[in-house]
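Note that these values count all heavy atoms, side chains included, but never hydrogens, waters or copies made by symmetry. Just so we're on the same page: letters track the sequence lines, and every chain starts at 1.
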Amino acid sequence: MVSTSSSDRDGGVDPLRPADHVDSPEPPPGDGPGVAQPKLGFAGWLRFGWRQLTSMRTAILLLLLLAIAAVPGSLVPQRSSDPNGVTQYFTDHPDTAPVLDSFQMFDVYTSAWFSAVYLLLFVSLIGCIIPRTKHHFEAMRARPPRTPVRLGRLAGYTTRPLPDGVDAETAVAEATKLLKQGRYRVERYELRGEPSVSAERGYLRETGNLVFHTAMLGILVAVGVGGGFGFAGQRVIVEGQSFVNTLAAFDSFNPGRFFDPSSLAPYKLSLRELDAVYETQNQDALGQPIDFTAHVTITDQSGPAEDGQVKVNEPLRTHGTDVFLLGNGYAPHIVVRDPEGEIVFDDAVPFLPQDANLTSIGVVKVPDGLDEQLGMVGFFYPTQDVLGSGAYASTYPDLVLPVLTLNVYEGDLGIDSGTPTSVYTLDPSGMDQLTGGETGVDSIELKPGELTELPGGRGTVEFVDDSPDAPAAVPAGSAADRDYAQSVKRFASFDIHHDPTQIWVLVFAILILAGLLSSLFVPRRRMWVKVATRRDGSRVLEFAGLARGEDPGLEQAVSALADKLAGPAAESEPTHDTAKPTT
Amino acid sequence: MPSLDEISVLSVYSAMAVYAIAFIAFSIDLAKRGAAAAKAADELRLAHDGDELPAAERERVGVLQAAATAKTAASAAGTGGTGAGEASGRASRWRSATADGASVAYGRSPALRVGVAMTVLAWLLHLTATLLRGFAAGRVPWANMYEFALTGTLIITTVFLVVLVVAKHDLRFLGTFVTGLVLVLLGVATVNFYVSVVPLPPALQSAWLVIHVFVATTSVGFFALSFALSVVQLMQSRRESLVASAKAVKKSFLATLPDSTTLENLAYRVTIVGFILWTFTLMAGSIWAEAAWGRYWGWDTKEVWTFIIWVVYAGYIHARATRGWRGSRSAWLAIIGFSTVLFNFTVVNLFFKGLHAYSGL
């Protein structure tokens, strides 16, 4: 609790801690919250509530609550990290999904209840660190506390005889010097003719604690601000194609609330080539990806084109944006001609990979040029094989025996109404299926460099071989097998991000670590050296320490100081009560 | 000529056999501790029964115990009957044996020495197995679940052995727990998680694999030890409260172990090391995630559980510093913390969908 004063009676200043901290003074019995005060006014209740919120107990409960609140987000798919999973969940559990949704279970980490827990935690944190910081600044200027009258009951109490010929002043001065070397802050006291030095060290412990907690707050703010001003966009680029960093060019774009589209740096990113390397030797891992490298060229208005590369763990940082290679696949080059031989469609169409061997699905939409709109749903197998059931499958992710199959649909593609539709899916409702399925007509099946008639004389479709020296296209089924390694272009799927506060999050994270290390491992301790006069008039050096917080090494430190100042203790040196001075 | 990986697997099985011997030796030692505690108590009782008058006993109990319990003991002793005397003796011998928190002096039994020696031998075999696996794969041996388990258990043993050398208190009694845990995890890993050596997928080809995963597993080693200490702490503190309330206490190896406050302090020190390493794990993971996935934090399932573990141990550290929470309550948090660590390692790896799908299974 903030209101607790924790100044020692003897003048030292402890860190200001919540009242239920173990190192805070025990509250007098019966002074529990609300017990001593039978009636609380409005301000009293506010004070009471604030004390409760900033107590250690509340912090623990909120921390545990935060841990529990985070769990559902790992059990149920989240819109932020797995939007497809959420869609699937709604399909699989049509009854429970809407109920869960009403509890924001698919947006746990932005939900009202999760936010409430961590915001309360941070309010509690602020309520704790502000007064503590103020207090700590004062404590750092305060003098070490007065030497206690009796050192005998303190930790590590030990005595050494005052060496012959050394007077009390010299001994205390030497002790002061040693303590200063040990990075103690020192203060000389004298009580009833007994000179002593009082020392304190380890202020860094409290500093570290405050830095840690403040940096936590810093992270929260930095993450919030970064989310507001940054953006994340996705774009698929086929080899040989390029993309200009403007809003319209992204396939999808998630700006922060305060993002200004005009701040996008207009550079051009061209994908020259995507290298994919797959395991060919290790029989246990045939076809496992070894390396993906996207070779790109960056061009802007100001200078010459610059070559760069993007790899999975090596993003390209350019023009204030970070370009990540998050996926890749094949983009079969398909040409559709009308019955007169005029080209009505000519494009490399990215097909989305479905499994490790890159069996891929893609959609071709031909909106204009034919009598009716034409849609094709295609499967692409980079290395085709026929399963026992007769179904096709890909058995290797690289291009060994590429085969493209197409099911043709005719009718309304549903793109004229202006509603946005995905380029990767085809809605067959309102269309007639012409090949495959229940039509009785075989699906179109092509290898690179082959072409075939569309059913009913609607024209032709060609699977273009993009190899540099590919021969002219031949009818389906008649191409001789050859090296297909270059026959189909690949695409890369890039994520382009800008997060202005990312670097601040890193800075705060480093502060957190530094603060944590010093707050857990720097001991805060007090040490006293006193020249005491015994009953018989002889003088001894007394040493003692006091731990302020966790300090397992205290007693050792006291005896080490004593040894250093006055030599190791004699075996016979009596340290029991009778040896105590007569103060 | 067997391959490096085959020798590695052979070495793992040898290590498991030696761990099993160590486990048995440590268990025998625990049993002996119980016997030693009972013997010490019997000697005390004999001394009381033989040499001291009931009045003297009353005085002694009165000094050691609170007035209330002394009265019970005194009245029991005062009746003088054999049966009553027996009961009184049984109650008081435990109080005497553990008065002012002192534990029964025990030292190191031969079984304990065998246990430690076998643990060191098993550790050497285990280390060999792990290194060979690394050489066989041509990279760090922690890129799939089998390898995590192999390296993680090696680190648990390493942390245990290092702590034995470094710590002021003798923590050899934790051997039963450590060798038992390592044996079970290694067994499960070799039988259920084994995968042959395969190359690293592009997402794992990063220097952060070396740092992030290694620090995470080291941290788990510390948390495991803190868990064991906290469990013993709870048992010890239960025994202490029974002793304090003067009820009969069963013969127990606990009498030979440090008192619950010492155990708690040890657990705390081990935990904060683990916590700092875990904090670093979280940060290193974020930096890597930024390079590999384009964002430093995305609430992926593994990230969520890393966060949960961090928060639970943060709660533990606060509890340790809070009046009313220090002691048993904070020990429970350490136990919950390690349960979440195990959950994260097993259930989350195997059954949860997410980006950290590197179990190789």
Side-chain angles (χ1 to χ4, degrees), chain A residues 17-24 26 55-57 59-61 63-64 66-68 70-71 73-75 77-78 80-82 85 108-109 223 232 279 282 284-285 288-292 311-315 322 324 326 495-497 499 502 505-506 509-510 512-513 516-517 520-521 549-550 552, chain B residues 168 195-206 208 265 268-269 272-273 275-276 279-280 282-283 286-288 290-305 307-312 314-315 317-326 333 336 340 348 352-355:
Chain A
R17 299 187 176 101
D20 54 349
H21 192 286
V22 280
D23 290 323
S24 292
E26 288 270 4
S55 73
M56 296 280 289
R57 222 173 288 122
I60 297 172
L61 289 176
L63 278 170
L64 297 183
L66 186 66
I68 294 167
V71 173
S74 71
L75 304 174
Q78 297 296 297
S80 59
S81 55
D82 185 13
V108 165
Y109 306 107
V223 168
E279 178 65 43
N282 186 336
D284 293 319
Q288 188 186 304
I290 300 292
D291 182 56
F292 298 123
K311 291 172 75 112
V312 174
N313 264 307
E314 295 164 31
D322 304 322
F324 303 90
L326 285 201
D495 262 38
I496 297 162
H497 293 192
D499 186 344
Q502 190 159 291
V505 175
L506 181 65
I510 291 167
I512 280 181
L513 205 56
L516 199 57
L517 279 167
L520 290 179
F521 290 121
E550 308 278 347
Chain B
K168 273 181 279 179
V195 287
S196 46
V197 171
V198 296
L200 282 183
L204 289 184
Q205 294 166 15
S206 166
W208 289 111
N265 289 340
Y268 173 75
R269 272 172 240 158
I272 54 174
V273 176
F275 182 72
I276 284 174
T279 310
F280 182 81
L282 215 154
M283 288 171 186
S286 291
I287 297 172
W288 188 8
E290 196 276 332
W293 300 327
R295 83 290 182 293
Y296 55 83
W297 193 262
W299 297 107
D300 175 56
T301 46
K302 198 85 183 193
E303 291 171 347
V304 170
W305 279 92
F307 172 78
I308 290 172
I309 291 165
W310 191 83
V311 170
V312 170
I317 289 174
H318 282 81
R320 157 86 176 165
T322 303
R323 204 174 286 137
W325 278 77
R326 182 172 261 197
L333 283 181
I336 293 171
T340 51
V348 175
F352 283 27
K353 198 180 150 196
L355 290 166

Under 3.5 Å, is there a donor-acceptor pair between the side chain of A/Gln78 and the main chain of A/Val108? yes

A/Gly73, A/Pro77, A/Pro552: which one forms the most heavy-atom pairs within less than 4.5 Å of chain B? A/Pro552

Using non-hydrogen atoms only, which part of B/Ile287 is less than 4.5 Å away from chain A: side chain, backbone, both, or neither? side chain

Heavy-atom distance under 4.5 Å to chain A: side chain of B/Lys302, backbone, both or neither? neither

Calculate, to the nearest 0.5 Å, the distance between atoms OG1 and CZ belonging to B/Thr322 and A/Arg17 respectively. 11.5 Å

About how many Å separate NE2 of B/His318 and CZ of A/Arg57, when rounded to the nearest 0.5 Å? 14.0 Å

Could you verify whether a donor N or O on one side chain and an acceptor N or O on the other, from A/Ser74 and B/Trp305, lie under 3.5 Å apart? yes

With chain A, the option among B/Ala292, B/Ser206, B/Gly294, B/Ser286 that has the most non-hydrogen atom pairs under 4.5 Å is B/Gly294

Could you go through the side chain to side chain contact (heavy atoms under 4.5 Å, CB included) check for B/Ile272 and A/Glu550 one step at a time? CA-CA 11 Å; B/Ile272 54 174; A/Glu550 308 278 347; over 6 Å; no

Looking only at heavy atoms and a cut-off of under 4.5 Å, which of B/Val198, B/Thr301, B/Thr340 has the most pairs with chain A? B/Val198

For A/Glu279, is it the side chain, the backbone, both, or neither that has a heavy atom closer than 4.5 Å to a heavy atom of chain B? side chain

Select, from A/Ala67, A/Ala285, A/Ala59, the one with the greatest count of heavy-atom pairs under 4.5 Å involving chain B. A/Ala67

Hey, which of A/Asp322, A/Asp495, A/Leu517 has the most heavy atom pairs under 4.5 Å with chain B? A/Leu517

Can you name the side chain to side chain contact (heavy atoms under 4.5 Å, CB included) partners of B/Asn265, sequence neighbours left out? B/Thr261, B/Arg269, B/Arg320

Top contributor to chain A interface from B/Glu303, B/Arg295, B/Gln205 [non-hydrogen pairs under 4.5 Å]: B/Gln205

Could you work out, with side chain to side chain contact (heavy atoms under 4.5 Å, CB included) as the rule, every residue matching A/Leu75, not counting sequence neighbours? A/Val71, B/Phe352

Say whether, by atom type as modelled, one donor and one acceptor occur between the side chain of A/Asp20 and the main chain of A/Met56 under 3.5 angstrom. yes

Looking at B/Leu200, B/Ile308, B/Thr279, B/Leu282, which one has more heavy-atom pairs under 4.5 Å with chain A than the rest? B/Ile308

Would you check if A/Lys311 and B/Pro202 make a side-chain contact, meaning some heavy-atom pair closer than 4.5 Å? no

For chain A, find which of B/Tyr268, B/Phe280, B/Trp208, B/Trp293 contributes the most heavy-atom pairs closer than 4.5 angstrom. B/Tyr268

Report yes if the distance between the aromatic ring centroids of B/Trp288 and B/Tyr296 is under 6.0 Å, otherwise no. no

Highest number of heavy-atom pairs under 4.5 Å with chain B among A/Leu66, A/Ile68, A/Leu64, A/Ile290 belongs to A/Ile290

Select one option (side chain, backbone, both, neither) describing which atoms of A/Leu513 are under 4.5 Å from chain B's heavy atoms. both

When heavy-atom pairs shorter than 4.5 Å are enumerated against chain A, which of B/Leu204, B/Val304, B/Val273 gives the highest number? B/Val304

Is any side-chain heavy atom of B/Met283 closer than 4.5 Å to a side-chain heavy atom of A/Ile512? yes

So, the part of B/Trp299 with a heavy atom under 4.5 Å from chain A: the answer is both

Could you look at A/His497 and say if it's the side chain, the backbone, both or neither that has a heavy atom under 4.5 Å from chain B? side chain

I'd like to know which of A/Val505, A/Val312, A/Asn313 tops the heavy-atom pair count under 4.5 Å against chain B. A/Asn313

Considering only heavy atoms and a distance below 4.5 Å, find which of A/Leu61, A/Val223, A/Leu506 pairs most often with chain B. A/Val223

